[in-house]
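Working notes for the structure below.
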2 protein chains.
Amino acid sequence: MKKPPEISTSHTRVPASECSLAKAIRVVGDMWTLLILREIICGAERFDQIREDLGITRSVLSNRLARLVQEGILERYQYRDSGQRARKGYTLTEKGRALLPVVITLREWGGQHLEPGNTSLRLQLQTTDGLRVETKLIREDGLEVSDMSGVVATVKE
Amino acid sequence: MKKPPEISTSHTRVPASECSLAKAIRVVGDMWTLLILREIICGAERFDQIREDLGITRSVLSNRLARLVQEGILERYQYRDSGQRARKGYTLTEKGRALLPVVITLREWGGQHLEPGNTSLRLQLQTTDGLRVETKLIREDGLEVSDMSGVVATVKE
DNA sequence: TAATCTGAGTCTTTATTAAAGACTCAGGTG
DNA sequence: CACCTGAGTCTTTAATAAAGACTCAGATTA
């Protein structure tokens with residue numbers, strides 16, 4: 001309860017049905033779904049491992065995995081540990097890997113704006129040959145934007 | 001059910017309690033929360049306007065707004081339309097504005113991987129003086145990464 | 001060959017959370 | 001003073017999630 005209204009972007013009402021952001025939110029904007037993606041990104045690809053790491057219910061995990069497979073974000077593969085029968089695991093599809101920047105950007109926000117000091121473990125991206133990869137905000141003229149105070153959101157047609 | 005296991009990143013188990021990504025997911029990784037942030041980013045700052053745009057219940061909206069205010073992502077301000085009594089609206093705090101890259105990255109994913117052709121309206125970022133701003137994946141050596149196939153996630157200490 | 005074990009689920013019951021919509025409350029207007 | 005409106009709260013009902021028992025397929029052991 002502080003500021004005056006500021007330069008309000010005069011609310012261009014974007015019907016959620018036509019908004020790719022709203023659609024994306026409906027597909028992956030769920031706490032369990034995001035946590036499951038985090039697990040798979042971190043390398044957990046098997047049902048029970050994800051379940052134990054997250055403490056999620058079997059039925060919810062089963063439900064979310066099925067949705068992610070159906071959306072084409074995950075796919076199932078068969079693996080066989082020596083002396084074990086063939087089992088199934090989940091990996092990201094190309095469409096799923098394309099979510100990595102989203103996840104990393106969210107992680108960066110969390111690292112900067114939550115948790116006071118404790119940044120013990122951090123999820124990062126790198127190329128297969130070991131170069132670090134980061135997401136950056138780049139202006140049209142090529143300069144990097146370092147703070148958000150001069151940035152506004154707009155809706156373009 | 002296709003691929004072989006591929007170069008699995010040997011699962012560094014990251015306890016969710018120490019992971020800034022998991023924390024961020026618990027704070028904003030909820031469908032309604034994300035949709036509300038989208039509304040406010042698009043310029044809707046009043047209770048009933050958000051409610052009508054989203055078709056969300058009053059009680060859920062009230063609950064989510066309170067949580068976002070408590071987390072320091074939104075703040076309330078007073079406004080007064082002429083000939084009306086003073087009312088309250090919600091805007092992003094600095095911490096909330098720092099979420100813009102996350103939201104934009106998600107929107108870009110949605111635009112590219114959902115909805116076949118229909119990209120009528122798109123949320124974008126720009127500087128206050130009108131320059132477009134985009135999120136990009138940049139390698140350590142400064143080159144831009146255009147496709148994700150050569151990128152992997154790792155957990156660093 | 002039968003009995004056993006294990007990962008990856010499904011099913012059932014109970015508890016949480018959300019949806020629908022009536023009710024409240026403060027302050028400004030006629 | 002009676003009425004209106006934005007911004008909620010409250011109550012009831014419906015949908016989701018949690019807890020945990022049960023299932024099923026195939027490899028192993030006996």
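Reminder, nothing fancy here: chain letters follow the sequence lines and each chain counts from 1. Nothing here was measured: the structure is a model prediction, and the numbers come from that model.
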task = Return yes if a side-chain donor-acceptor contact under 3.5 Å exists between B:R87 and B:Y79, otherwise no.
result = no
inquiry  = When you compare the side chain of B:V28 with that of B:I73, does any pair of heavy atoms fall below 4.5 Å?
reply    = yes
Chain A contact limits on DNA chain C, taken 5' to 3' with a cut-off of 4.0 angstrom to heavy atoms = C:dT6 to C:dC11
query = When you match A:A86 and B:S59 each to their closest nucleotide on DNA chain D, which lands nearer the 5' end?
reply = B:S59
inquiry  = Quick one, A:V151 and B:Q126 - any side-chain contact, counting heavy atoms below 4.5 Å?
reply    = no
message = Pick the closest DNA chain D nucleotide for A:R58 and for B:D48 by heavy atoms, then say which residue is nearer the 5' end.
response = B:D48
request  = Give the intermediate values and the outcome of salt bridge (charged side-chain N to carboxylate O under 4.0 Å, His left out) for residues B:D48 and B:R58.
outcome  = CA-CA 8 Å; B:D48 270 21; B:R58 290 171 187 285; 3.5 Å; yes
query = Donor-acceptor pair, A:W109 side chain versus B:P101 backbone, under 3.5 Å?
reply = no
request  = Indicate, with yes or no, if B:L34 and A:V155 share a hydrophobic cluster defined by side-chain heavy-atom contacts under 4.5 Å among Ile, Leu, Val, Met, Phe, Trp and Tyr.
outcome  = yes
Interatomic distance, A:R85 CZ vs D:dG26 C1' [rounded to whole Å] = 5 Å
query = Could you state the CD-C1' distance from B:E45 to D:dG6, rounded to the nearest angstrom?
reply = 15 Å
query = Atom NZ of A:K88 to atom P of D:dA27: distance rounded to whole Å?
reply = 13 Å
remark   = Sorted by chain and number, sequence neighbours left out, salt bridge (charged side-chain N to carboxylate O under 4.0 Å, His left out) with A:E134 holds for A:R132
Set out, line by line, the N/O atom pairs under 3.5 Å between protein and nucleotides 12-17 of chain D.
from: D:dA17; atom 1: OP1; to: A:R64; atom 2: NH2; distance (Å): 2.4

request  = Please work out if A:R51 contacts a base, only the sugar-phosphate, or nothing of the nucleic acid, heavy-atom cut-off 4.0 Å.
outcome  = nothing
task = Answer yes if A:V102 and A:W32 sit in the same cluster of Ile, Leu, Val, Met, Phe, Trp and Tyr residues linked by side chain heavy atoms under 4.5 Å apart, and no otherwise.
result = yes
